[in-house]
A.B. asks: 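Before I ask anything, let me first share the structure, which is written out below as structure tokens.
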Amino acid sequence: NVMLEEASAKLVIKLVPLSGVRIDLGDYVMRNIRNLSAQMCLLILKAHQNFKTISNTLNVFVGMVVNDDGLIYKEELQELLTSQGLASFEDILRHAKTEGVKIEKRLKHIEDQFEDIRNAEEGLIELSAQHMSKQELEQLRQTALKDEADILNAEEQCQKLVRQLYLQLHHCMDEFINGLPLDADSVLHLTRMVNISLLVPCARYFEGVHIRTVKTVDLELAEDMPWEEWIEVQTPTATNVQVWAEKYFPLRVRQQGVHMNTLRAKEEVTIRDEKDMTAPKIKPKGETAGSRFWMHLQGAAQKRLSDTELRLIPRFDPPLRRSERHISEESRLMDFAVTALRNPTLPLEAYANAILLLADQKDEERGRLCVPHVPTFFQVGVRDPWLCRLMCVELLHEVLYPDKHLAPLLFQALVSDTTPADMKLEILRNLRYVLHPTMTPLEGFQEFVELVKTRPLKVAKLGFDDDEEHEAVLGSDQGVAQPGSAASSLMSALHHQLPPAFQEAILLVMESIIARDPEETEVLLRENEHPAGAVIFPDDAPRRFKFWQELHYYLTKTHPDVQAAAVRVVLMMFWQIPNEIIQLIARTAKDADTAETQCAGEYWMLLPLVRLLAHRSKEVVDDVLLIFIPLARDMDELRGEKQYDREADQEAQMAAQMAEEDETPEQKLRHYAMDMISNAMRSELLTDVVVKMGPRFAVRAMEWPPVVRDFLLQILLTDRVLVEMTMTDLSDEFWDVIIHLLKVGGV
């Protein structure tokens, strides 16, 4: 028998939960009940067994690891932590509550059957032929009672172990700090336990883009928010929960146009004890009736825009016996939180719990202890926008720098000569989110912009001549002075041999600046009128910088991630002033000959963007196609979509106006596109582009995503393009391409 040897038995038991099939280990447990080790018991508890086997295993485990004083031995405590014991106990308690409800229903059904038999004996009803006898029902009741006893015993033993772990939690923290190798799930449970012991809230986050709402059945109760989603939350080790939820702007989601900083959404989040809209709402920071509750998300639209953060503090009855004095020692608490934050493999919730733990005490002593770990905090903020907000708002702003705006403070750290290069990179990656209005008010943003314009950002050069690169980037000192924008001042820190990660991070910060301040784009357009470049840092070391020349470089000759960031900058400018930007992109040969700008040559910006349609990132391709909306379709078609009966009654016109208000930014942009470029200019532009790219460009394009192929085919089907392709020297090559496409792709 393969289970005779302990090594092979461990391997088999480890495979049980991975097999997808429930395999009963009850006989193995009973045969070896005196010889089971602590590790073997923990493996069996994870193997999805019935409660009889779980109950027997827990009895053995508790008797083995707990001494006469009720303490868990150190070796067994280490085994429990490294073998995912914390998660196993919580899973057993959660499963026990579910099975307990089922047992209650079974016993209720059996009692109803007994009641039917008594009524039949009294002649009140007649029983069917399939009705079970008293003996059969009694057997079922005894089985159910035994199952109930096993469940209750498993719950009792698990609660005993969990409560003892809370009492010895400082030892668990020390083991983790000293390098005990815990898996990510165990660290998550440990951070929850530490926060619960100190009455610090635990946090969970739900991104709106990942929530799938459905239309409610009861439209009257829903009023004007018919789309809903119920999310069940359980804390099986607790008696009840103090809970509250808040909505937040989705920093991860890229916003568009004038809506980039606000959400036009009617949405609500409530907490209820039951999955029922008639159940009373629990007030913020109120307590639930039990360990399970429901978060109810409602909205006027099916697509949910806002994110939701849930914070909860589980309560226990009777109260936990806690070693609060040992847990709350500043050195131990700080070491525990920092050790968790430095672990790169944990769930986001574990990092959030550690941040809230450090941010709970807002005094000078906590701030002093946090200062040496600021680089770690920035590394955590890069992992997710939610963590960036928590870290910046809850920890950096409220604990370390309560009287200062964070964005200017971060930029001062960037320009400091003592800040290491790797830390500058982490600061830049966080700064793109910190600049959002939900994290930095207007006053702080203006202070940040002023610093960017007056304090040069210097990033370490990587082994090449500084003066030579400096001249290539900054250009000539001749011409009329044009004050540079904040974006130009920041971009001047870039140089061509800078690592792509730095280039990408700086470009994304520029995107955030342009998104926050529409006037930045207008200033940048004026800079393009000065071939010698705009003057930056006039009070420090005045010099000129050619923003558009550098942007062209990063669109064409850099790493794909840097190209993606450069496209985002162009798209953000396009959202701010689309008409002017599309005119700049669509400069014809005639314009190129007459205008004095930073980049000479016709279509200097259009051709690089067309080539980026072959980019490996779908997001970049979508961004470029969005910029090309005014070029993609005939303006008469767009006008046809926009027209409605002008002689319609007033009510119809009002309905049309309301529908226009509900349009997405992309739909608004499509309708606005009709005024950006004339049909004649569009035809001339597309013809020249196709001629420059060559007909064989279409062959390569057929290997690109379908949306790109559709866009290029629309260009080829433009009348003037067809005439140019079929009536000039390009006709032979054009027809060869068409025949090839028909052979490969079909009619």
Side-chain angles (χ1 to χ4, degrees), residues 90 94 166 187-208 210-211 229-252 267-273 280-298 304 306-316 320 322 324 327-328 333 336-337 340-341 346-362 366 377 380-381 383-399 433 438-439:
E90 184 167 315
R94 183 183 292 108
Y166 274 105
V187 178
L188 171 60
H189 283 81
L190 197 55
T191 60
R192 288 176 182 169
M193 293 175 68
V194 173
N195 284 29
I196 291 169
S197 294
L198 298 175
L199 300 181
V200 176
C202 302
R204 301 184 188 180
Y205 202 69
F206 305 87
E207 293 187 44
H210 295 150
I211 293 174
E229 173 66 2
W230 293 88
I231 298 177
E232 181 183 11
V233 181
Q234 291 189 48
T235 54
T237 59
T239 306
N240 65 337
V241 184
Q242 182 185 10
V243 62
W244 63 100
E246 293 186 26
K247 297 181 297 178
Y248 286 97
F249 192 96
L251 293 177
R252 183 189 297 275
E267 297 175 350
E268 187 180 69
V269 54
T270 55
I271 308 296
R272 305 175 192 266
D273 282 318
K281 301 177 183 178
I282 297 174
K283 296 180 180 179
K285 297 192 176 182
E287 294 190 7
T288 62
S291 62
R292 184 183 74 166
F293 60 91
W294 297 84
M295 186 169 67
H296 188 205
L297 305 173
Q298 289 180 274
R304 190 166 183 86
S306 63
D307 294 345
T308 304
E309 183 184 271
L310 184 71
R311 296 194 183 183
L312 56 158
I313 304 177
R315 304 292 188 183
F316 295 82
L320 290 172
R322 299 172 294 159
E324 184 176 353
I327 298 172
S328 58
L333 190 147
F336 172 79
L341 293 175
L346 301 183
L348 298 182
E349 184 185 335
Y351 299 123
N353 292 339
I355 291 171
L356 293 177
L357 180 64
L358 294 176
D360 183 61
Q361 185 176 325
K362 298 176 174 59
R366 179 60 57 82
F377 301 156
V380 173
R383 290 172 185 150
D384 190 85
W386 173 43
L387 297 179
C388 177
R389 181 179 60 77
L390 274 181
M391 181 270 297
C392 291
V393 176
E394 301 276 351
L395 193 53
L396 293 185
H397 180 63
E398 295 188 6
V399 177
Y433 298 118
T438 58
M439 293 180 63

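Computed from a predicted structure; not experimentally measured. Along the sequence shown, residues are numbered consecutively beginning with 1.
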A.B. asks: Sequence neighbours excluded, which residues qualify as salt bridge (Lys or Arg N to Asp or Glu O under 4.0 Å) partners of Glu267?
C.D. replies: none
A.B. asks: Using the test salt bridge (Lys or Arg N to Asp or Glu O under 4.0 Å), find all partners of Arg389 that sit at least two apart in sequence or belong to another chain.
C.D. replies: Glu309
A.B. asks: Once ring-ring contact (aromatic ring centres under 6.0 Å, His included) is applied, do any residues pair with Phe316, and if so which ones, sequence neighbours excluded?
C.D. replies: Tyr166
A.B. asks: For Pro236, give me all partners under side chain to side chain contact (heavy atoms under 4.5 Å, CB included), at least two apart in sequence or on another chain.
C.D. replies: Glu90, Leu93, Arg94, Lys97, Gln234
A.B. asks: So, taking the atom named OH in Tyr248 and the one named OG in Ser306, what distance separates them when rounded to the nearest 0.5 Å?
C.D. replies: 11.5 Å
A.B. asks: Could you go step by step and tell me if Leu356 and Arg311 meet the side-chain contact (heavy atoms from CB on, under 4.5 Å) rule?
C.D. replies: CA-CA 10 Å; Leu356 293 177; Arg311 296 194 183 183; 3.7 Å; yes
A.B. asks: State, with a plain yes or no, whether a side-chain heavy atom of Phe336 is found less than 4.5 Å away from one of Leu357.
C.D. replies: yes
A.B. asks: Can you tell me how far the CD atom of Gln361 sits from the CG atom of Leu333, to the nearest 0.5 Å?
C.D. replies: 8.0 Å
A.B. asks: With the side chain counted from C-beta on, respond yes when Glu268 and Lys281 share a heavy-atom pair under 4.5 Å apart, and no when they do not.
C.D. replies: yes
A.B. asks: Evaluate the side-chain contact (heavy atoms from CB on, under 4.5 Å) criterion for residues Met193 and Thr237: first the C-alpha distance (whole Å), next the side-chain angles of each, then the deciding distance (0.1 Å), finally the verdict.
C.D. replies: CA-CA 10 Å; Met193 293 175 68; Thr237 59; over 6 Å; no
A.B. asks: With a 4.5 Å cut-off on side-chain heavy atoms, are Ile271 and Trp244 touching?
C.D. replies: no
A.B. asks: Once salt bridge (Lys or Arg N to Asp or Glu O under 4.0 Å) is applied, do any residues pair with Arg252, and if so which ones, sequence neighbours excluded?
C.D. replies: Glu207, Asp384
A.B. asks: Do the side chains of Cys392 and Tyr433 get nearer than 4.5 Å, heavy atoms only?
C.D. replies: no
A.B. asks: With side chains defined as the heavy atoms from C-beta onward, is the minimum distance between Glu287 and Ile282 less than 4.5 Å?
C.D. replies: no
A.B. asks: Quick check: do Asp360 and Leu198 have side-chain heavy atoms less than 4.5 Å from each other?
C.D. replies: no
A.B. asks: Do Tyr205 and Leu348 make a side-chain contact, defined as non-hydrogen atoms from C-beta onward lying under 4.5 Å apart?
C.D. replies: no
A.B. asks: What are the two closest non-hydrogen atoms of Pro347 and Leu188, and how far apart are they?
C.D. replies: CG-CD2, 4.2 Å
A.B. asks: With rounding to the nearest 0.5 Å, note down the distance linking OG1 in Thr235 to CD1 in Ile313.
C.D. replies: 12.0 Å
A.B. asks: Who pairs with Glu246 by salt bridge (Lys or Arg N to Asp or Glu O under 4.0 Å), at least two apart in sequence or on another chain?
C.D. replies: none
A.B. asks: Minimum heavy-atom separation for Val380 to Tyr351, with atom names?
C.D. replies: CG1-CB, 4.1 Å
A.B. asks: Check whether any side-chain heavy atom of Val200 sits under 4.5 Å from a side-chain heavy atom of Val194, and report yes or no.
C.D. replies: no
A.B. asks: Rounded to the nearest 0.5 Å, what separation is found between the OG1 atom of Thr239 and the CZ atom of Arg315?
C.D. replies: 11.0 Å
A.B. asks: Any sub-3.5 Å donor-acceptor pair from Asn195's side-chain atoms to Asn353's backbone N or O?
C.D. replies: yes
A.B. asks: Grab the two heavy atoms, one from Leu358 and one from Arg366, that are nearest each other, plus how far apart they are.
C.D. replies: O-NH1, 2.8 Å
A.B. asks: Look only at the side chain of Asp273 and the backbone of Phe293, and say whether a donor-acceptor pair between them is shorter than 3.5 Å.
C.D. replies: no
A.B. asks: Give, for atom OG1 of Thr308 and atom CD1 of Ile211, the distance between the pair rounded to the nearest 0.5 Å.
C.D. replies: 5.5 Å
A.B. asks: Checking Arg383 side chain against Cys388 main chain: does a donor-acceptor pair fall under 3.5 Å?
C.D. replies: no
A.B. asks: With a 6.0 Å cut-off (strictly less than), is the heavy-atom count around NZ of Lys362, excluding the residue itself, greater than 12?
C.D. replies: yes
